[in-house]
Amino acid sequence: MSITREVCSAAIELYHRALPPAVSRAAGRSLLNVLGAAVGGSRTPAVQVAIEAGLRIGGTGVVPVPGRRERLAPHQAAIAIGMAAHVDDFDDTHLATVIHPAAAVLSAGLAVAAGVAPSGGEFLRAFAIGCEVQLRVGLAMTPSHYDAGWHITGTCGVVGAAVTAALLLDADVDRLDAAIGLAATRTLGVREGFGTMAKSFHPGKAGAVGRRSALLALAGQDSPHGVLDPGGGYFEVLAPETDRAVVVAGAGTDWHLLDNTFKPYPCGIVCHPAIDAA
C-alpha cells in the first residue's frame, strides 16, 4: 500500500472509532485553545479586512465567524476563521515542527460543519485526525522545509484541513486520497510574509482550500493520487530532505498531537525565553 493510501485508510478507521482518552483530552484542549484564539483575534484589522472582503464577494452567509455577528459564505468564512485563530500568534504550537496545527483544521471544520451538522464527537475526531496528519507530514520534512523559507503552518495545514473536511463529509479512501492530492497542488505560505497580514492569511487560505478540495473530490474531480508517495511531487518540491516513514509510523497508536503545546504569550515561541527572563 502507498503512503498516501495508508494515511487515508488509517484516518477513516480512526474517525469511526472512539479516540483514546488521552488523545481525546489533548484534542479537546487544542480545540478549546484555538476557539479562544479565534475569538480573541476576531476584531483585529487583518480579520476585519477579511470579513469586509468576504461580504463584498458575497454568497449565502451561513457560517458564523467566532466572536463576530457576521455570517459568511463557507469559503470566505474559512479564510476569516483561520486568520482570526492565528493573527495574534497566540494559537497552539507543535515544538518539533513549529506548526500551529489547529487554525487551518478549525476553519475547514467549522465551514463544513455548517452544512452537515456533525455530532460533537464526530467533529472532535475529525479535528484531531486532521491535526495529526498535518503534524506527521510536517515531521517528514522538518527542518529542511522551514529552513528553505516555507511557512509550514500553511503548507502542511492545507493537507490537515482537507483530511478534516473530507472525514466530516464521509469520504471513502479514494475520495480522501483525491482530496489530499487536490489540496497539495494548492499549498501556500512563505516566511517572507511574517510581520504582515499575509502570515495569518496562510492558515485561513489553507482551511478554505482544504474544504474546497474535499468537496471537489467528493464531487468526482480527478487529482494526483499518491501525492505523499515517492515521486508524488509534494515532498520533492517542498523539502530538500525528507523522511516519509514518519508519516505512517505508529499510525493509530502513536499520536503527535499529544506533543502540541500552548502559549503563555501572544507571539512566536522563540521569543518566550527572553520574555521569561525579562
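Start at 1 with the first residue, then count along the sequence.
Under the 4.5 Å side-chain criterion, counting only non-hydrogen atoms from C-beta, Val63 is not in contact with Leu72. Counting heavy atoms from C-beta outward, Arg68 and Arg43 have side chains that approach closer than 4.5 Å. A 4.5 Å side-chain heavy-atom check between Leu257 and Ser30 finds at least one atom pair inside the cut-off. Counting heavy atoms from C-beta outward, Ser223 and Ile180 have side chains that stay 4.5 Å or more apart. By the 4.5 Å heavy-atom criterion applied to side chains, Ile129 and Thr164 are not counted as neighbours.
If you take CG on Leu167 and NE2 on His16, they are separated by 7.5 Å, rounding to the nearest 0.5 Å. Put simply, NE2 on His145 and OG1 on Thr97 are 10.0 Å apart, with the number rounded to the nearest 0.5 Å. Taken to the nearest 0.5 Å, the CG atom of Leu19 stands 7.5 Å off from the CG atom of Leu14. One finds the CD atom of Gln134 at 10.5 Å from the CG atom of Leu139 (value rounded to the nearest 0.5 Å).
The number of heavy-atom neighbours closer than 6.0 Å to CD of Glu236, taken from other residues, nucleotides and ligands shown, is above 12.
The two residues Val163 and Ala11 have their closest heavy-atom pair at CG1-CB, 4.4 Å. Nearest approach of Val173 to Ser9, heavy atoms of both residues: CG2-OG, 3.8 Å. Scanning all heavy atoms of the two residues, the minimum distance from Ala140 to Val247 falls at CB-CG2, 3.7 Å. Residues Thr60 and Pro74 share a closest heavy-atom pair of O-CD, 4.2 Å. The nearest pair of heavy atoms linking Ala161 to Ala104 is CB-O, 3.7 Å. For Asp88 against Gly40, the heavy-atom pair with the smallest separation is OD2-O, 3.7 Å.
The side chain to side chain contact (heavy atoms under 4.5 Å, CB included) search around Arg25 returns Arg29, not counting sequence neighbours. Pro20 pairs by the side chain to side chain contact (heavy atoms under 4.5 Å, CB included) definition with Val23, Trp255, not counting sequence neighbours. With sequence neighbours excluded, the residues forming a side chain to side chain contact (heavy atoms under 4.5 Å, CB included) with Ala183 are Val158, Ala162, Ser213, listed by chain and number. Qualifying side chain to side chain contact (heavy atoms under 4.5 Å, CB included) partners for Glu52, counting only residues two or more places apart in sequence or in other chains: Gln48, Arg56.
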### Query
Could you walk me through whether Leu106 and Leu31 pass the side-chain contact (heavy atoms from CB on, under 4.5 Å) check?
CA-CA 8 Å; Leu106 175 74; Leu31 179 56; 3.8 Å; yes

#### Entry: Candidate pair Ile51 and Glu70, rule side-chain contact (heavy atoms from CB on, under 4.5 Å), full reasoning
CA-CA 8 Å; Ile51 294 283; Glu70 298 91 344; 3.9 Å; yes

### Query
side-chain contact (heavy atoms from CB on, under 4.5 Å) between Leu124 and Ser24: does it pass, once the steps are laid out?
CA-CA 8 Å; Leu124 186 64; Ser24 181; 3.8 Å; yes

### Message
Applying side chain to side chain donor-acceptor pair (under 3.5 Å) to Asp92 and Asn260, what does each step give before you reach the verdict?
### Response
CA-CA 7 Å; Asp92 54 342; Asn260 204 22; 2.6 Å; yes

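The same ILVMFWY cluster, assembled from side-chain heavy atoms under 4.5 Å apart, contains both Leu188 and Trp150. Note on Val237: it clusters hydrophobically with Val227, by side-chain heavy-atom contacts below 4.5 Å among ILVMFWY residues. Residues Leu215 and Leu218 are members of one and the same hydrophobic cluster, defined by side-chain heavy-atom contacts under 4.5 angstrom among Ile, Leu, Val, Met, Phe, Trp and Tyr. Note: the hydrophobic cluster containing Val105 does not contain Leu32 (ILVMFWY, side chain heavy atoms under 4.5 Å, direct or indirect links). When the side chains of ILVMFWY residues are joined at heavy-atom separations under 4.5 Å, either directly or via intervening members, Val47 and Ile57 end up in two distinct hydrophobic clusters.
Between Asp174 and Arg5, at least one side-chain N (NZ, or NE/NH1/NH2) sits under 4.0 Å from a carboxylate O, which counts as a salt bridge.
In the hydrophobic clustering (ILVMFWY side chains linked at under 4.5 Å, chained through shared members), Leu95 is joined by Val98, Ile99, Leu135, Tyr146, Ile152, Phe194, Ile269. Other members of the cluster containing Leu182 are Leu216, with ILVMFWY side chains joined at under 4.5 Å, either directly or via other members.
Sorted by first and then second residue, the ring-ring contact (aromatic ring centres under 6.0 Å, His included) pairs involving residues 88-133 (not counting sequence neighbours) are His86-His100. Among residues at least two apart or in separate chains, ring-ring contact (aromatic ring centres under 6.0 Å, His included) pairs with a member in residues 257-278 are Tyr265-His272. Every pair passing salt bridge (Lys or Arg N to Asp or Glu O under 4.0 Å) that includes a residue from residues 251-273 is listed here, sequence neighbours excluded: Asp89-Lys263. Contacts classified as ring-ring contact (aromatic ring centres under 6.0 Å, His included) and involving residues 219-240 (residues at least two apart or in different chains) are not found. Listed by first and then second residue, the side chain to side chain donor-acceptor pair (under 3.5 Å) pairs that reach into residues 185-194 come to none, sequence neighbours excluded.
The main-chain N or O of Met141 is never found under 3.5 Å from a side-chain atom of Asp243 such that the two would form a donor-acceptor pair. Side chain of Ser2 to backbone of Asp229: no donor-acceptor contact under 3.5 angstrom is found.
The residue from Ile3, Asp177, Asp172, Val133 that alone fulfils the side chain to side chain contact (heavy atoms under 4.5 Å, CB included) condition with Cys8 is Asp177.
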Please output the side-chain donor-acceptor pairs of residues 200-212 that fall under 3.5 Å, not counting sequence neighbours, one pair per line with the distance.
residue: Ser200; atom: OG; partner: Met197; partner atom: O; Å: 3.2
residue: His202; atom: ND1; partner: His151; partner atom: ND1; Å: 2.8
residue: His202; atom: NE2; partner: Ala198; partner atom: O; Å: 3.3

